[in-house]
Amino acid sequence: MDEVYTKLQSCFESVKEKIDFHPRVALVLGSGLGEFAQELKVTATLDYHEIEGFPVSTVPGHKGRYIFGYAGDVPVVCMQGRVHYYEGYPMADVVLPIRLMRRMGADILFLTNAAGGIGQGMQAGDFMLITGQIASFVPSPLIGPNIDALGTRFPDMSHIYDEDLQRILIKTALDYNIGLKQGVYLQFTGPQYETPEEISMCRILGADAVGMSTACEAIAASHRGMQVAGETCISNLAAGILPRPLDHAEIQETADRVAPDFKKLVYASIVQMGAYLQTKTEVTE
Ligand code: HPA
């Protein structure tokens with residue numbers, strides 16, 4: 001049996017032994033959202049270390065654990081700390097936590113992140129709905145023998161960010177009177193920030209925000225048949241836009257400053273996603 005699939009199965013068995021929880025929504029917490037768990041009715045947590053074979057995040061400030069809990073009555077599994085490709089893991093390991101959340105039962109993947117803003121009129125502290133992505137600068141997580149149990153060899157990616165979920169995020173932002181821009185996210189491997197020349201290229205390519213995560217996770221989830229949503233905190237303007245270097249601490253500070261509004265948006269959107277899943281179930285029953 002394929003190595004990637006075997007690892008996924010053994011990680012799932014390891015989780016199942018410890019936790020009996022059936023999430024509907026899987027949430028990946030980006031910078032600034034680390035404390036989101038406080039908003040949930042938490043029923044269990046599981047350190048990545050406790051899952052045999054699981055890639056363990058090394059970025060300072062990124063706690064590595066799954067949090068299981070409820071937003072309203074929606075069962076959610078959160079990743080507090082994601083795995084980044086720049087940490088040196090193979091892409092299959094970077095997306096293993098995503099596939100594992102699907103294996104636990106989640107239908108929706110809600111990706112959040114912090115990113116550099118490129119789009120017209122963007123400011124540090126803005127939020128952006130991800131409407132599309134450019135993943136051409138990172139290896140595909142689907143490279144290697146196709147695992148038919150996970151999805152097809154050549155999956156369509158034209159609607160990778162689910163339109164129903166996009167409508168939910170837009171409506172939530174309107175309800176809370178929180179501004180929400182829209183745009184295309186581009187993933188680089190990092191860990192270095194971009195040069196101003198690379199940002200000029202991103203602009204030509206049609207990207208509105210640039211970061212070091214998310215797009216590969218969205219591909220793996222979409223391959224696996226999940227509905228995917230993405231929301232970005234524009235934590236800084238991308239390289240070369242302002243006449244000063246990018247600074248990780250400053251970027252983190254901005255993400256932390258706007259985190260309360262980001263948390264509100266994310267929490268309320270998950271509640272709405274739960275209602276949406278409910279209506280979908282009713283229709284198919
Ligand atoms: N570039 C890449 N990744 C990022 C940035 C950026 O400007 N800001 C936050 N994550």
Side-chain angles (χ1 to χ4, degrees), residues 27-36 57-64 79-89 91 94-95 110-139 141 179-219 230-263 265-266:
L27 172 68
V28 181
L29 301 172
S31 304
L33 272 189
E35 299 311 315
F36 179 79
S57 176
T58 57
V59 182
H62 284 252
K63 283 186 197 147
M79 285 181 69
Q80 191 178 34
R82 55 162 37 105
V83 182
H84 296 90
Y85 184 59
Y86 61 71
E87 293 173 72
Y89 294 103
M91 225 4 142
V94 173
V95 302
F110 191 176
L111 295 164
T112 67
N113 60 35
I118 303 171
Q120 280 276 322
M122 271 188 190
Q123 299 294 336
D126 283 350
F127 302 123
M128 186 189 93
L129 170 75
I130 305 180
T131 56
Q133 70 177 36
I134 298 172
S136 321
F137 296 95
V138 292
L180 184 63
K181 304 231 155 93
Q182 299 189 16
V184 173
Y185 178 92
L186 183 148
Q187 178 178 1
F188 282 125
T189 65
Q192 75 283 6
Y193 290 122
E194 300 70 35
T195 61
E197 294 75 21
E198 284 162 338
I199 294 303
S200 303
M201 173 185 74
C202 291
R203 202 174 278 120
I204 293 165
L205 295 179
D208 299 291
V210 62
M212 306 175 193
S213 65
T214 302
C216 57
E217 299 161 343
I219 291 172
E231 205 154 45
T232 293
C233 166
I234 302 294
S235 52
N236 58 288
L237 292 184
I241 298 179
L242 297 176
R244 60 171 195 269
L246 300 191
D247 175 51
H248 179 67
E250 199 180 316
I251 288 173
Q252 189 70 46
E253 263 168 46
T254 307
D256 291 344
R257 175 172 58 78
V258 297
D261 272 355
F262 204 21
K263 284 188 215 167
L265 275 181
V266 168

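Order of appearance sets the numbers: ligands from 1, and atoms from 1 within every ligand.
The closest protein non-hydrogen atom to atom 1 (N) of ligand 1 is E194 OE1, 2.8 Å. Nearest protein heavy-atom neighbour of atom 3 (N) of ligand 1: G211 CA, 3.4 Å.
At distances below 3.5 Å, not a single donor-acceptor pair connects side-chain atoms of N236 with backbone N or O atoms of A124. Between the side chain of K181 and the backbone N or O of Q123, no donor-acceptor pair lies under 3.5 Å. No donor-acceptor distance shorter than 3.5 angstrom exists from the side chain of T232 to the backbone of A114, with no hydrogens or angles considered.
Contacts of A115 with ligand 1, taken as heavy-atom pairs under 4.0 Å, involve the backbone alone.
Heavy-atom proximity to M212, at under 4.0 Å, picks out these atoms of ligand 1: 2 (C), 3 (N). Distances below 4.0 Å separate heavy atoms of S235 from the following atoms of ligand 1: 8 (N), 9 (C). Listed by atom number, the atoms of ligand 1 under 4.0 Å from L246 heavy atoms are 7 (O).
Summarising the geometry of V258 relative to F127, their closest heavy-atom pair is O-CZ, 3.5 Å, with the distance given to 0.1 Å.
When I199, N236, V210 are checked for heavy-atom proximity to atom 7 (O) of ligand 1, N236 turns out nearest.
A 4.5 Å side-chain heavy-atom check between E194 and M201 finds every atom pair outside the cut-off.
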